[in-house]
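Treat the numbers as computed from the prediction; the structure is a model and nothing was measured.
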Amino acid sequence: MARLFARRTCPYCGHRMILGLCPVVATNTERAADMTNSGLQDSLPVSGAEVLGLVGDDESPDDVYPIVASPVLTIRPERRLRDLWRLVRTMGELPSVTSLADPQDLPARACLHCQHPLPVDLDDRRIVTIAVLGTKGSGKTHYLATMIHQASRLQGLAGVGCVTFAPDESTAREYQLSYFDPLFVQKRQLNATDPDERVRFSPLVYRVEFAGAEPVSLLFHDISGEMLEDPKVRARYAQFVTRSDGAIFLVDPEQLAVTAGRRQSAGDMAASNQADLLIGWLNSLTAPVPLAIAISKADVIDGIFPGKYAGLARPSPRQQPEWGEAMSWVAEQVSRLLEDFQAFDLLAAARRGGRGAVSPPAVSLHAVAALGAPPLPDETVPRILALRCLDPLVTVLSRIPGVTQQRPE
Amino acid sequence: MTALDQLLYTWAARGPNGRSGFQAVAATGRLADDRSKLTTAALRLCRYEAPRGTRDPAQMPVSYGWQDHGDFRMVFHRRYIGADALGRPGNYAAHVVVGPRAEMPAGDIARRLGSPFWWHGASVADYASGQLAPDQVGLADIPLGSLPSAEPDLLAGLTDTLLRERLRLPVVLRCSAEQLAALVAELADRLPGCLDALPFSTYEPPAAAMGFYLVGICGSAVPPNSTAVQAARPKPSPRALELILSDESADRNLVVMSVGASGAVGAPASIARIGPLVVLFDQLRRDGRIDRGLLAAGLRSPAAAQILIQLPNAKEAIAADLAAGQAQIHAALGESAGQLPATSLLTLGEMAGGQTQPARIVPLMAEAVRLPAPFASACAIAIVERADHLPGLGRLLDSATVLALLRHYAARYPGRLGPGVATVLRVPAAFPAVALADDLPAAWRGRAAAHALPGGPDTVRDIAGVLRGDPGLTGALAAALPAVRDLIPILSLHKPRDLVPCTMAAVAVLPGPDRYELVAWCAGRLPASQRLDLLLQVGGHILEAPGEPWGGLTASALAGWLTDTLARPDAIPVLPAEAVSLLRGLGAGRTEGWGELAECLLDARSPSHSWLGRAFAAVDAMPAGHRPSAVDLVLWAALGADLSDSLFDDLAASCARRLPGDPDTGAVRLLDMADRVAWVTGRTGSGAQCLVYLAGLLTRGGLVTRKARRLRYRSHHAKASALVARLSNGQWKAVDEKVAMLQARDATAWWESVNPRPTSMLRIWSPER
């Protein structure tokens, strides 16, 4: 259990805070009966608990949370004795949110900087954010859906010592409704991701534990390419990509083919250089982080370079050491492929991203295919044959200190 | 008509800024500024999440509705349009129109759902390149769409849901966008203005539904903590619902009036208030028995309360319930009272106060103080006015209520002491609260204290305490008591310093004999020195009542004052001018000689033998006890003037005759007064005469000396020495010579003993020698 003065970094805004100074808010709310249009923020905890204040964005009335317990380290003048007694009883340990507020309100600590409830795991787990980057249409959403399917549903990381890879409850529901059901049950191509200012507040959270390592909470965000490509929007609404502990950068081979003149652009669509996004992101980092550059849609490469990279369309072995050897071979192939696409700026950025970083090298090259084949014209995906989707994740996780093995003292 | 701003949003292969992706492809007016908050708010509405389980784009519902941003209303029309240029599904076209809230009423917007005005994602490239641009439009320029007629069961279900007291929000309906818009349009007609402030959308995914109040949903998912509308008319159907859904023009008018009376501004609680109001007005229309719950519901709305108070049967019912202490009615009135005109509250208060039973007065006033002042005031006044007709009031009222009643009454009728007020003041609980309430008229407070007087010694002590804190109240108390002798036991508990202010307050209101009795009693309680002050304060009242024996009292007071004055060595024994005026006012013959003496003293500048005769005649007219002091007064007046030796001898002889005891007494008196004159005025002429007189008296054996060297008492000897020291050289020389001329050994010895200066040295030093 965390101590009262334990410090954590808000996974949404990056603000460093003391847990004991965070109020507890209800995330299970209902609106006040006398709600008016100008007062949409009149959220009430479903338990009917006393509301001590509100946390949230006034301009997003559906994202306002009532405070149901004051910060443990705060002594309110009007309740001095009660608060002091509450503080003394903690004996220096941080009380759980369910001991401070009614569990039916689904209480959570809130970050007073970004005005949003924090993940409940923040008390006793390290938060690790993995950014999944790429330009629009690069396949981030499909990759996330398949990668999580393999890691969580199929427990694909068990072979490399992962003993737990499980979603939290809201993530499980969201993944089921928005990703698994349409893609794996209805066999439908997923929709393009909408730009969403609140994307930082809706991560997919997975509790992960490797044998012998500390348990962590992995955060993934499904962010639209439009938001990533606009540096102003990225800086305002997606700061988590610059604070991430690791990143998977998806490179769309079809866009590379258009750039290299091997394919025609669809209509009058403005093409964007994928290296620009990678370079922009690398420049925004304050410290190097493990980066996996993955060619997405590996299944279409054979159509662009017939026969030359046919091996990239084969799945990886599931056990070591064959898995590791296969990854090295894929990295070599991808490096050649990028040279064939004349994506030397991308390769240079990849090399720069690894310079001065942790050892072993911070940048790895991969080739993945989330679907295994392009969707049919009716937007269906009759058979999903995912290729090496876990490779970038495993590589990145293994290079983040303390995630897959005990952190060195 | 204000021009509305527009914004078009979709996935563009090449947008206005050259990029591909979801973006605003065209905008007008304020929405063209991408840094404005209004634009940010409009862009937040540009989203569309297809319902789960729906694959056919044609089945995707239109998301149409509005949300307010400050004073602006943002009307949105969002429609799924299939795949983007990259072949990904999930593309949509959003059209947002922004204008002033006041110009975009709910019903008018709802009727424009099917309008061809709304953009469906056509000509994106033209808009993005600027070849096409949205036009400036007003609401009237947007053609109406064709809507189906509202389904009766859904309309009944929605109306019933809105009329419920406790709502779980948002209210969700599972129906087509067109049907939902038709329902809103129909309801907006029947309840005008009620839906205007409620954010509405024909379709939202569950996660976004919380931002709306009325919202349509698709698929099986339901937003958390929401109220789903049942598409059925509830059985039995509530009367309010019947009336709202009725197509009779009389019923429709009744509902419109109820809406107006409810002051509904779109908040669900206000809409819920319409139901009871509709039923209430219906009952009033039919002149039926008024249900208390409905009455309370009506009273909660200021507008409805105002109407109700103007209707005789409603007004009487409200007043009766208020008088009977119906908590529901009190609470309801409390909610709206702050916005009711004072005249309405006065009417209600007057009626409630006029009807209440004695046993209900205390709770009624306790509840009335929570309402605005006009109600409580009218209520209290009505109660006080009829208090003398209410039996058993004395044991029913508590002090807080008595105070509240009297304060309100005093605010309207300051000082009026009618039978109602008198009855309230007789209530045992009125004392001491009323007596202590300095914001109440003094007459009421005094009367309250007077009524409490038979209560026994404790009450007398309490009243005395009250009077001590507020002496002015004594007058009111004295006026309220039957006789002054009832007041005296109270004042007898006072210390002298507290007595005079109370007495003076009482003197102002008492009749002549009582006044004399009180002042005489008070003077007797005061130290002698203070009695004259008391009488001088009473002064004017004394002169108004010549029939009372004030002269003796004045004479006694003067004697006491003089005795006290003379006891202080530096005091000047001169009658105060006010005292002289008082004596003059009392007239000759009524002051036991003091008046004559005062007149005489006024002529003391040039004393003569006749003056001395008149002065001592006045002294002789006084009671024996007053004479020594009076003699001192004469001595002071005479010694302060330049007396010839013969006049001095006459004075000394007259003085000696009138002072009782041995010759020493008169001589010492003379010495004392001469010394005082020298000390206070610096005039030592009479002192020299006095020393010569004493020496002569010694020679004649008129003074008892001790060892023939000094006067009997050491203090007198010291006083003579002090007097000698004050003499000028000339005066000393004259005295010395006169003593020497006496050729008496005792006189010379005494003179030398009182003389502080060595004679020889003086003679050497003296220039005359």
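Chain B is approached within less than 4.5 Å, heavy atom to heavy atom, by Gln186(A), Arg188(A), Gln189(A), Leu190(A), Asn191(A), Ala192(A), Thr193(A), Asp194(A), Pro195(A) from residues 181-195 of chain A, ordered by number. Contacts of residues 220-228 of chain A with chain B at a heavy-atom distance below 4.5 Å involve Glu226(A), listed in sequence order.
Heavy-atom distances place the backbone of Tyr48(B), and not its side chain, under 4.5 Å from chain A. If you measure heavy-atom distances from Phe200(B) to chain A, you find no contacts under 4.5 Å at all.
Residue Glu197(A) holds its CD atom at 7.5 Å from CG of Leu43(B), rounded to the nearest 0.5 Å. Between atom CG of residue Asp252(A) and atom CG of residue Leu86(B) there is a gap of 8.0 Å, rounded to the nearest 0.5 Å.
Atom CD of Gln131(B) is surrounded by more than 12 heavy atoms from other residues, nucleotides or ligands within 6.0 Å. Taking a 6.0 Å sphere around CG of Asp378(A), one finds it holds more than 12 heavy atoms contributed by other residues, nucleotides or ligands.
Heavy-atom pairs under 4.5 Å with chain A were tallied for Gly15(B), Ser20(B), Ala125(B), Cys46(B); the largest tally goes to Ser20(B).
Residues meeting the side-chain hydrogen bond (donor to acceptor under 3.5 Å, both in side chains) test with Thr39(B), sequence neighbours left out: Ser36(B). Every residue two or more places apart in sequence or in another chain was checked for a side-chain hydrogen bond (donor to acceptor under 3.5 Å, both in side chains) with Arg234(A), and none qualifies.
Using a 4.0 Å cut-off between charged nitrogen and carboxylate oxygen, Lys136(A) and Asp84(B) do not count as a salt-bridge pair.
Residues Arg88(B) and Thr141(A) are not in side-chain contact: their nearest non-hydrogen atoms beyond the backbone lie 4.5 Å or more apart.
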